[in-house]
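Read the structure below first, then the notes.
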Amino acid sequence: MKKTIICRCEDVTEEDVLQAIDEGFEDIEELRKRLRLGMGPCQGRTCIPLVIRILAKKTGKNVEDIPLPTSRPPIVPVTLEALASDEDEE
Amino acid sequence: MKMKNKADVVIVGGGVNGCSLAYQLAKKGLDVVLLEKKYICSGATGRCGAGIRQQWSTKENTMLAMESVKIFEKLSRELGFDIGLRQGGYLIVVHDKKEMRQAEKNVEMQKTLGLDVSIIDSDEIKEIVPILDVKGMHAIAATFCPTDGHADPFKTTFAYAMAAKKEGATILTHTPVIRVLKEKNAVKGVKTNKGEIKAPVVVNAAGVWSKKVAETAGINLPNQPYRKEIMVTERIKPMFEAMVISFKDGIYFSQQDEGQILGGIPNPHERKGYLTDPTFSFIQHMSKTLLRYAPPLGYLRVIRHWTGFYDVSPDARPIIGEDDKVKGFIHCHGFSGHGFMLSPMVTKLLTEYIADGKTSPFLEWLSLERFKGKTIQKEVSVVG
């Protein structure tokens with residue numbers, strides 16, 4: 001069967017997303033937590049816009065009515081060494 | 001669609017405790033409605049450190065945790081969904097003589113309850129978690145219990161929620177409770193943003209918002225909200241299985257099932273209040289302390305950092321059971337950072353009480369009334 005990767009960091013396919021929506025996970029935050037979507041190093045930059053489109057199509061909602069999940073720091077991955085290097089802890 | 005307007009039990013809160021209760025009560029044949037103001041796992045459960053620990057300083061917590069582990073061990077099979085339980089043990093660092101005395105006291109008490117736990121030396125520490133720098137973390141020993149571990153809070157909670165629905169429970173997300181309805185001194189139901197639901201029993205499992213829910217029923221809770229922060233790194237190959245914690249430094253960290261390192265520490269510059277923003281001072285302090293404990297992790301990248309709340313009771317132990325003034329109002333909060341790990345046994349006790357009227361010494365020990373005029377026996381084994 002043909003599979004389309006939606007989230008490259010966590011290996012989630014379009015089929016996984018559709019199945020989870022069928023199981024009742026219609027909230028983007030719930031989908032994230034059910035499938036680990038957007039929890040990898042790219043922070044959802046690739047998958048979240050795709051998932052929003054799938055959700056919109058499947059639930060009949062408008063894309064703009066589906067809120068983006070909470071964004072969390074850091075904006076890009078940073079090494080522990082770099083974060084620990086600044087002596088000026090405040 | 002018209003909302004259900006009555007039930008046997010209304011549960012406020014879609015975290016692990018609420019969902020577990022919904023499942024167990026529905027299985028007993030009760031008509032259950034669970035109300036969640038946001039989405040399942042949106043509160044403390046979905047933000048927690050995932051740990052499951054049985055090493056406590058108080059007998060009640062140790063017993064609760066040991067019974068909970070027995071339930072966790074069978075849970076994937078019972079719910080038909082893998083909850084990601086991994087029992088790699090908890091390694092609790094002992095830094096000085098004072099901590100050693102407490103550790104010896106704890107281990108002795110824990111052993112009388114039948115827990116497999118021991119005090120280990122620095123060689124044994126290195127065997128269990130090879131990346132640890134015993135000198136860097138100022139360790140003189142550690143306590144270790146191999147059956148402690150962690151499970152996936154999302155998987156566990158969703159497994160409960162799905163099983164609850166299968167048993168006939170109704171779960172309504174994005175449905176905040178505006179107030180608890182009372183008549184004389186008994187609960188009559190709840191008012192939500194979508195209408196009223198009549199019920200003779202209302203369970204308050206709203207985590208850090210429990211205080212506000214209780215207020216609407218005229219009940220004053222002594223709980224306080226504490227912001228806590230956690231960070232997670234990118235995935236790496238499996239390096240260690242134990243959760244490493246230190247009560248002195250407040251740090252805890254583990255490698256999760258998928259390979260990421262996840263951990264937290266109290267922010268040295270924490271302010272009070274319902275604050276939810278992650279802070280830079282946390283991530284700096286965490287990185288510094290983590291690298292002091294485990295220097296080889298320096299190259300590893302932090303990918304995410306978030307906050308959640310501890311719903312802290314005066315003795316850092318949960319508050320469970322029926323209110324002594326408002327009939328039908330069931331407390332299930334005050335977990336003080338341990339709601340996930342204690343949930344199996346706590347919800348089992350509450351299910352037996354609500355469905356069968358069965359009481360237990362635990363319900364007495366952990367009742368809200370314990371704070372009235374009695375000496376508080378505080379749980380001291382707390383991190384994060």
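On a predicted model such as this, the values are computed, not experimentally measured, just so you know. Chain naming here is simple, since letters A, B, ... match the order of the sequence lines and numbering starts at 1 in each.
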Segment of T289(B) engaging chain A (4.5 angstrom heavy-atom cut-off): neither

Residues T13(A) and D16(A): side-chain donor-acceptor under 3.5 angstrom: yes

Over all atoms of both residues, closest heavy-atom pair of Y310(B) and V208(B): O-CG2, 4.1 Å

Heavy-atom closest pair, residues A151(B) and T156(B): CB-OG1, 4.2 Å

Region of Y39(B) in contact with chain A, defined by heavy-atom distances below 4.5 Å: both

Ring-ring centroid check Y160(B) F81(B), cutoff 6.0 Å: no

Under 3.5 Å: donor-acceptor pair, side chain of R304(B), backbone of V232(B): no

Contacting moiety of R235(B), where chain A heavy atoms sit under 4.5 Å: side chain

For C41(B) against K33(A), the heavy-atom pair lying closest together: O-CE, 4.1 Å

Side chain to side chain, H269(B) and T279(B), heavy atoms closer than 4.5 Å: no

Chain A contact via M286(B) - side chain, backbone, both or neither, heavy atoms under 4.5 Å: neither

Residue pair E15(A), K3(A): steps toward the salt bridge (Lys or Arg N to Asp or Glu O under 4.0 Å) verdict: CA-CA 7 Å; E15(A) 290 76 11; K3(A) 287 201 168 170; over 6 Å; no

Aromatic plane relationship, F72(B) with F340(B) - under 30° parallel, 30 to 60° tilted, over 60° perpendicular: tilted

Atom group of Q43(A) that falls short of 4.5 Å from chain B, counting heavy atoms: side chain

Residues in residues 18-27 of chain A that sit under 4.5 Å from chain B, counting heavy atoms only: E23(A), F25(A), D27(A)

Side chain / backbone / both / neither for L291(B) at chain A, heavy atoms under 4.5 Å: side chain

Backbone N/O of V76(A) and side chain of R301(B): donor-acceptor pair under 3.5 Å: no

F154(B)/M39(A) under side chain to side chain contact (heavy atoms under 4.5 Å, CB included): CA gap, chis, key distance, verdict: CA-CA 13 Å; F154(B) 303 141; M39(A) 293 208 184; 3.7 Å; yes

Chain A interface, residue from E234(B), K38(B), E258(B), R292(B) that has the most non-hydrogen pairs under 4.5 Å: E258(B)

Atom of C48(B), atom of P153(B) and distance for their closest heavy-atom approach: SG-CG, 3.6 Å

Contacting region of L300(B) [heavy-atom separation from chain A under 4.5 Å]: both

Close approach to chain B in residues 66-73 of chain A, criterion heavy atom under 4.5 Å: R72(A), P73(A)

